[in-house]
Asks: 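Below is a structure I'd like to ask you about.
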Amino acid sequence: MVTRLRSMNIVQWALVSGLIYAFLGLLIGLFWIPFAATMAAFPTARGGPMPGAGLGIFAIVLFPILYFILGFIFGIIFSAIYNLVARWTGGVEITLDSVGAGTVPPLA
């Protein structure tokens, strides 16, 4: 079955985009902790800690929030532009298969 995506709900797409980016922000925040700990261990020439060393555990909270906000904003921009372009081009065609309940389709 071939269907066509002619428009998308801007706020719903922005929310999904924001949550995806928040998850990525959490992962990046988790990877940031060892780098922040390393930067804190090596002082700068003036004797103070390196910039960014204080983020550490705070990155787990800060990064997902910042990434959600940015993902939400860019989700709004993307979906609004998509809706505009889809009016001109007719949208993206998507091929869907009907799968019965309880069955798993092959991967490739």
Asks: So if you build clusters from Ile, Leu, Val, Met, Phe, Trp, Tyr with side-chain heavy-atom gaps below 4.5 Å, do Y82 and F74 land together?
Replies: no

Asks: Rounded at 0.5 Å granularity, tell me how far CG in N83 sits from CZ in F78.
Replies: 9.5 Å

Asks: Side chains of residues 3-20: which donor-acceptor pairs under 3.5 Å do they make with residues two or more places apart or in other chains?
Replies:
residue	atom	partner	partner atom	Å
T3	OG1	I94	O	3.4
R4	NH2	E93	OE2	2.4
N9	OD1	V11	N	3.1
N9	OD1	Q12	N	3.1
S17	OG	G71	O	3.0

Asks: Kindly work out whether a path of hydrophobic side-chain contacts (I/L/V/M/F/W/Y, heavy atoms less than 4.5 Å apart) joins L84 to I81.
Replies: yes

Asks: Grouping I, L, V, M, F, W and Y whenever their side-chain heavy atoms are under 4.5 Å apart, do W32 and F58 come out in a common cluster?
Replies: yes

Asks: Can you give me the closest heavy-atom contact between Y67 and I28, atom names plus distance?
Replies: OH-CD1, 3.3 Å

Asks: Linking I/L/V/M/F/W/Y whenever their side-chain heavy atoms sit closer than 4.5 Å, directly or via other members, would F63 and L70 fall into one cluster?
Replies: no

Asks: Does L24 belong to the same Ile/Leu/Val/Met/Phe/Trp/Tyr cluster as L62, with side-chain heavy atoms less than 4.5 Å apart forming each link?
Replies: no

Asks: Assess whether atom CZ of F72 is packed by more than 12 heavy atoms of other residues, nucleotides or ligands within 6.0 Å.
Replies: yes

